[in-house]
Each structure stands twice: as structure tokens, then as C-alpha cells.
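Have a look at the structure below before the remarks.
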Amino acid sequence: MPYRAPVADFRFLLSHVAGFSRVAATARFADANDDTVGAILSGAARLCQEVLAPLQRVGDTHPARLENGLVRTPPGFSGGYRAMAEGGWFSVAADPAFGGMGLPVTLATAVNDMMSGACIALHLCNLLTQGQIEALERHASDAVKALYLPRLVSGEWLGTMNLTEPQAGSDVGALRTRAEARGDGTYAVTGQKIYITWADNDFTPNTCHLVLARLPGAPAGTRGISLFLVPKFLPDAAGNPGPRNRLQVVSLEHKLGLHGSPTAVMQYDGARGWMVGAPNGGMAAMFTMMNNARLAVGAQGVGVADAATQAAVRHAMGRVQGGAGAIVNHADVRRMLATMKAEVFSARAIALSCAVAIDMARATGAPDWQARAALLTPIAKAFGTDTGVDVASMGIQVHGGMGVIEDTGAAQYLRDVRVTTIYEGTNGIQAMDLVGRKMMDGGEAAFRLLDEVQAGAEAARQTLPDLAGDVWTAAESLRKATEWMVEQTMEDRFAGSVPYLRAFARVLGGHLHLRAAMADAGRQPLARVAIRRLMPEHIGLLAQAREGADGLFDVSPGDLAA
């Protein structure tokens with residue numbers, strides 16, 4: 001399936017919209033100059049177009065399977081993985097002390113976006129390993145870092161995340177997996193985990209699992225959870241995989257999409273593991289991995305949306321119906337395609353802006369950048385993945401009847417991306433996080449961002465007065481809604497959180513499109529679509545948000561079941 005990596009779009013966004021020059025100007029990321037950026041983007045583009053994209057349909061039609069306790073991956077996935085490892089694509093943002101490139105998260109986000117558009121099922125193993133690398137860098141002992149990080153950074157070994165249990169999904173505190181000290185500095189981990197992505201494979205000599213478990217006598221809930229590194233094979237002092245650990249893949253799930261990515265039920269029967277972080281500090285360590293993954297998952301949604309848009313445009317330009325010729329000339333088809341393109345730009349710009357804030361926080365330690373990164377992470381994750389679903393669905397509509405014929409590949413984009421709104425924290429949880437934890441500052445971080453939005457609109461008034469005025473007014477409406485939000489009870493905040501987050505994304509999307517239009521007149525038509533046709537949705541969304549919980553619980557369980 002053809003896929004064009006959007007290198008030119010990334011170069012434009014980094015230079016004119018997301019503010020990447022500030023990152024490159026820091027001492028920490030001084031090596032991220034134009035030459036480096038160009039090399040990373042072009043190298044990733046070649047990999048995505050030539051190696052990963054041809055595996056997209058293969059993974060869907062030849063799913064991963066379990067044979068005699070061993071996971072067999074789709075044809076070609078082994079070669080695709082080796083190409084990622086040999087190209088150093090697990091190491092973009094990893095610490096150079098362990099073989100990483102030490103480059104900004106912003107560049108890693110761009111790579112994740114492209115890889116997801118090319119073949120999200122295979123890219124997932126890259127994403128999870130990146131998250132494990134960051135968790136170990138920040139929380140593991142020196143001995144664990146020395147043994148595991150070089151092998152994970154090189155892609156020699158693969159990493160996973162084990163949180164969920166049958167009775168403990170979003171309520172992580174309900175988990176029952178236990179860990180008991182063995183007396184030699186290691187722990188015996190026992191329990192069952194479900195929904196474990198890339199729990200095993202047939203192309204790496206070892207798989208390293210990060211597992212949440214409870215110590216004996218640990219406090220109830222999330223305060224009593226610890227984190228353990230549990231390898232499939234126990235390495236010797238030289239790092240060579242030795243005896244098989246006491247863990248196994250019990251079964252693989254039959255899923256809506258992502259067929260090429262094995263999702264397993266894992267059983268641990270006294271498996272040997274090493275604690276990562278402090279006792280009962282597992283959630284803090286795991287959130288390091290999850291926050292990294294949430295931005296990456298948002299980029300996954302954007303990448304799939306981009307690929308779905310490319311497929312829809314190709315179909316619309318080649319499909320002839322009626323007197324207007326190709327259906328791309330029909331008003332409603334043009335509306336859908338312009339909407340898809342504008343949505344991809346908005347979501348991608350938000351994700352890159354979030355990544356820039358993360359990099360600036362790391363490079364400077366400035367509290368304002370830390371707050372900006374925290375604020376944008378749930379928005380980037382939720383809006384990026386919602387965009388993936390919405391755009392992929394619209395892509396099917398553009399294809400018409402052929403959209404539901406699997407040979408076109410249009411339906412696969414929707415099937416593959418649908419779960420991204422659920423894993424790494426559902427989008428509802430992202431919205432609750434935005435109006436709860438991320439607004440414990442009374443909304444100060446949000447207000448600072450809205451100040452920038454309105455300042456940008458003021459600067460654009462002479463050149464694009466109608467678009468600038470719309471953005472300024474939308475930001476003011478969002479400001480008033482935010483002032484209302486921070487004064488409410490948590491129940492009212494949570495009840496309105498999903499429409500509030502989407503309204504925030506709508507206003508940010510308009511702001512970033514306006515910035516693009518000011519930098520390049522050729523971007524003005526798409527900015528007009530985003531600002532005049534899509535951004536007005538924020539009005540209804542904010543009206544919903546300000547309803548809070550009023551009347552919501554008047555709809556009884558009996559009413560719902562009737």
C-alpha cells in the first residue's frame with residue numbers, strides 16, 4: 001500500500017509552527033541542528049516508505065499466532081524489526097551513555113508519527129521499548145541500567161508494559177499480582193496480566209517485561225504497587241540470555257485490528273524479577289513510561305489519520321462518477337478531504353507543540369515549560385487518537401462502497417486505530433486528568449497558553465483579520481469556560497471534561513493553523529477550513545462542558561437498560 005512520509009510538513013511545522021528552534025538553541029540539544037533534523041526525517045521516511053509500509057496489509061492478513069507456546073509473527077515483520085534496530089530507531093531520544101542518540105523527544109515524535117502511518121502494528125514494539133528505556137533510565141539501579149539499557153536501546157531486546165489484570169483495568173489499584181523477596185535482591189513475581197502488547201516474538205533473543213505487582217503487606221490501592229523488570233530469559237553477567245524464566249504467553253487475543261501485533265494473556269509463576277524504583281513506588285516509575293507513551297500514542301493516531309487521508313485522496317482523484325469527472329470535484333467529497341487534511345495538521349501540530357514543551361522542560365528545568373508539557377499531554381493523546389478514528393472513518397466514506405471492501409485497506413486504518421483511544425489511559429481519563437490534576441494550579445498553565453493564542457491572533461489581525469478575530473474570540477470563550485471549570489466540584493469537572501478537552505483542541509488547532517497561514521500564504525485555504533468550518537464546534541462543546549453533572553445522573557440505570 002503506497003505511503004508518502006510527510007517530511008516537508010514536518011520541516012514546516014518544526015520551523016514555523018511548533019517552535020522547535022527554541023529546543024535546538026538549548027545547550028542540551030545543540031546537536032539538533034538543521035542537518036541533523038533533515039537526516040533523521042529523511043532516514044525515517046525511507047524506512048517507512050520502503051520497508052514498513054509494505055508490511056501494513058501483510059500484518060492484517062497474516063496475523064500473529066501462538067504455536068506450541070511460541071508467538072509467530074507475520075511474514076516480513078522480522079526483517080522490518082531488524083531494519084528499525086539497525087537504523088537506530090529505538091534510540092532517537094535515548095541517553096547516549098547507553099548507546100542512544102540523545103536527540104529531542106520532538107524528533108522521536110515525528111518518527112513515531114511516520115512509522116505509525118506506515119505500519120502501526122509493527123511500530124508498537126518500537127513504542128513500548130522506547131517507554132521502557134525511559135522508565136529504566138530514570139528509575140532503575142545502575143546494575144540494571146548497565147545490563148538492560150544497551151540491549152533495549154540497540155533493539156537487540158524488546159520491552160513491554162504489564163499493567164492490566166482481568167479485574168484491574170483503568171482501576172490499576174485493584175491489581176493482585178504479587179512479588180515476594182527471594183533473599184538475593186530479586187523477587188518472585190506471580191500473577192496474570194492481560195492485554196500485553198508484543199508480549200513475545202520470534203525475532204529477538206529476549207523480551208523484557210515491566211510488571212506492576214504488590215509486595216507482602218503493601219498498602220491497598222495504588223500506594224501499594226511496586227514495579228519489576230522480569231525478562232523472558234535470565235541473562236548472565238555478560239548479558240547473554242540463559243535459563244527460561246517462569247513466565248509464559250497463555251493465549252493471544254482475537255482483535256478488531258492490529259492483527260500483526262500480538263496481544264497476550266501473560267502468566268507469571270514465581271518469575272524472577274528486579275525491582276525498578278522504590279518499594280511501593282511503582283506507579284511513579286510506571287507513569288514515566290506512560291507519559292512518554294501517551295504522546296507517542298497521540299502521534300500514532302495522527303500517523304494513521306495521515307495514511308488514511310492519503311488513501312482517500314488517491315481514491316477520490318481516480319474514481320470517476322457523474323458529469324463532474326473524478327469525485328474529488330464533488331463538493332461533499334472535497335469537504336471531507338479538506339476536513340481530513342485540516343484535522344491531521346491540527347493534531348500533528350498539537351503533538352509537536354507538546355513534544356517541544358517536554359524538550360524545553362528537560363533542557364531548562366523551567367516550571368512553566370513543565371506545566372505546559374503536562375497540560376498538553378492529555379490533549380495531544382486524546383485529540384490525536386480521536387482524529388485517527390474520525391479521519392479513518394471519513395476515509396471509508398470517501399471510498400464509498402469500496403471503503404468496506406478489505407482489499408482497499410481503507411477499513412484497516414479504522415480497525416487498527418480504534419484501540420488507540422483506549423490504551424495508555426482512555427480518552428475519558430485523559431480529559432479527567434486535564435480538568436483535575438492538570439488544573440490543580442487554578443488554571444494558570446491554561447491561561448498562559450491562551451495568552452499566547454490571543455497574542456498570536458493580535459499579531460495576525462492586519463494580515464488575516466477575519467481568521468485572527470475568530471481565533472481571538474474562540475480563545476476568550478475558552479478562557480471563560482476555564483475560569484468556570486476551576487471553580488467547580490470534581491464531579492462537575494469530570495462530567496464536562498470530554499467536551500472541554502475537545503473544545504481546547506479545537507481552539508489550539510485554529511491557533512496553529514493561523515500561525516501556519518501567517519508563515520506561508522499557501523497554507524491559508526486549509527487554515528480557513530480549520531478556523532471557519534471546524535473551530536466553531538467549540539461553542540457547542542463548551543456549552544456541554546458547562547452543564548457539568550447537572551441532570552446527568554437523573555438518567556437512572558433502569559432508564560439506560562429500558
Side-chain angles (χ1 to χ4, degrees), residues 1-5 47-84 112 114-128 158 195-204 249 251-265 297 300-301 303-315 318-319 385 388-389 391-423:
M1 183 179 300
Y3 169 75
R4 177 189 59 80
L47 174 73
C48 291
Q49 293 170 173
E50 298 171 9
V51 179
L52 301 186
L55 300 175
Q56 167 81 348
R57 289 294 291 154
V58 175
D60 194 54
T61 56
H62 297 79
R65 64 193 188 280
L66 188 63
E67 292 183 353
N68 301 318
L70 300 176
V71 170
R72 303 299 184 189
T73 58
F77 269 41
S78 175
Y81 184 91
R82 284 197 301 273
M84 287 194 294
N112 288 334
M114 287 190 277
M115 287 188 177
S116 300
C119 183
I120 185 174
L122 184 54
H123 170 255
L124 270 168
C125 63
N126 185 306
L127 182 153
L128 287 163
L158 187 147
Y195 305 150
I196 309 308
T197 301
W198 280 101
D200 197 14
N201 67 81
D202 53 6
F203 45 71
T204 65
V249 175
S251 62
L252 297 184
E253 304 291 358
H254 181 64
K255 300 174 296 186
L256 174 69
L258 294 177
H259 295 156
S261 168
T263 300
V265 175
V297 169
Q300 283 190 323
V304 174
D306 191 5
T309 300
Q310 293 181 31
V313 170
R314 286 194 301 270
H315 178 81
R319 176 68 168 163
T385 57
V389 172
V391 168
S393 179
M394 196 171 287
I396 293 174
Q397 193 72 18
V398 171
H399 278 79
M402 291 303 295
V404 295
I405 304 302
E406 289 291 354
D407 289 348
T408 66
Q412 183 186 345
Y413 292 122
L414 181 58
R415 290 188 288 101
D416 283 352
V417 80
R418 184 62 184 84
V419 72
T420 63
T421 67
I422 297 170
Y423 60 38

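Here the structure is a predicted model, which is why all the values come from computation and not from measurement. Values reported hereafter were calculated over all heavy atoms of this structure, with side chains retained and with hydrogens, waters and symmetry mates removed.
Minimum interatomic distance between Gly260 and Trp198 (heavy atoms only, all atoms of both residues): O-CZ2, 3.8 Å. Contact between Ala83 and Leu47 at its shortest, heavy atoms only, is CB-CD1, 3.7 Å. The two residues Leu414 and Val389 come nearest to each other via the heavy atoms CD1-O, 3.6 Å. The minimum heavy-atom distance between Cys48 and Ala118, with the atom names listed, is O-CB, 3.6 Å. Looking at every heavy atom in both residues, Ser251 comes nearest to Leu66 through CA-CD2, 3.9 Å. The two residues Leu55 and Gly80 make their nearest non-hydrogen contact at CD1-CA, 4.0 Å.
Distance check: Asn112 CG to Ile120 CD1 gives 10.5 Å after rounding to the nearest 0.5 Å. A distance of 10.5 Å separates OG in Ser116 from CG in Asp416, rounded to the nearest 0.5 Å. The distance from atom CE of Met84 to atom NE2 of His123, rounded to the nearest 0.5 Å, is 7.5 Å. Separation of atoms CG (Asp60) and CZ (Arg415) is listed at 4.0 Å; rounding is to 0.5 Å. How far CD1 of Ile196 is from CD of Glu253: 10.0 Å, rounded to the nearest 0.5 Å. In this structure, Asp407 CG and Arg57 CZ are separated by 6.5 Å, a value rounded to the nearest 0.5 Å.
Just one residue in the list Asp200, Asn201, Asp202 forms a side chain to side chain donor-acceptor pair (under 3.5 Å) with Thr204, and that residue is Asn201.
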Check your understanding: Where do Thr385 and Gln300 land on the side-chain contact (heavy atoms from CB on, under 4.5 Å) test, with the steps shown first?
Key -> CA-CA 7 Å; Thr385 57; Gln300 283 190 323; 6.0 Å; no

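Scanning for side-chain contact (heavy atoms from CB on, under 4.5 Å) contacts around Leu70 gives Arg72, with sequence neighbours left out. Listed by chain and number, the residues in a ring pair (Phe, Tyr, Trp, His ring centres under 6.0 Å) with Phe77 amount to none (sequence neighbours excluded). In terms of the ring pair (Phe, Tyr, Trp, His ring centres under 6.0 Å) criterion, residue partners of His399 (sequence neighbours excluded) are, by chain and number, His315.
Annotation: side chain of Tyr423 is in contact with side chain of Thr420 (closest heavy-atom distance under 4.5 Å). For the pair Leu258/Thr263, no side-chain contact is recorded, criterion being any heavy-atom separation below 4.5 Å from C-beta on. Here the side chains of Val419 and Lys255 are not in contact, with every heavy-atom distance at 4.5 Å or above.
Using a 30° and 60° split on the angle between ring planes, His254 and His259 fall in the parallel class, below 30°.
A 6.0 Å sphere centred on CD of Gln397 holds no more than 12 heavy atoms belonging to other residues, nucleotides or ligands.
Listed for the Gln56 side chain is no donor-acceptor partner under 3.5 Å among the backbone atoms of Gln412.
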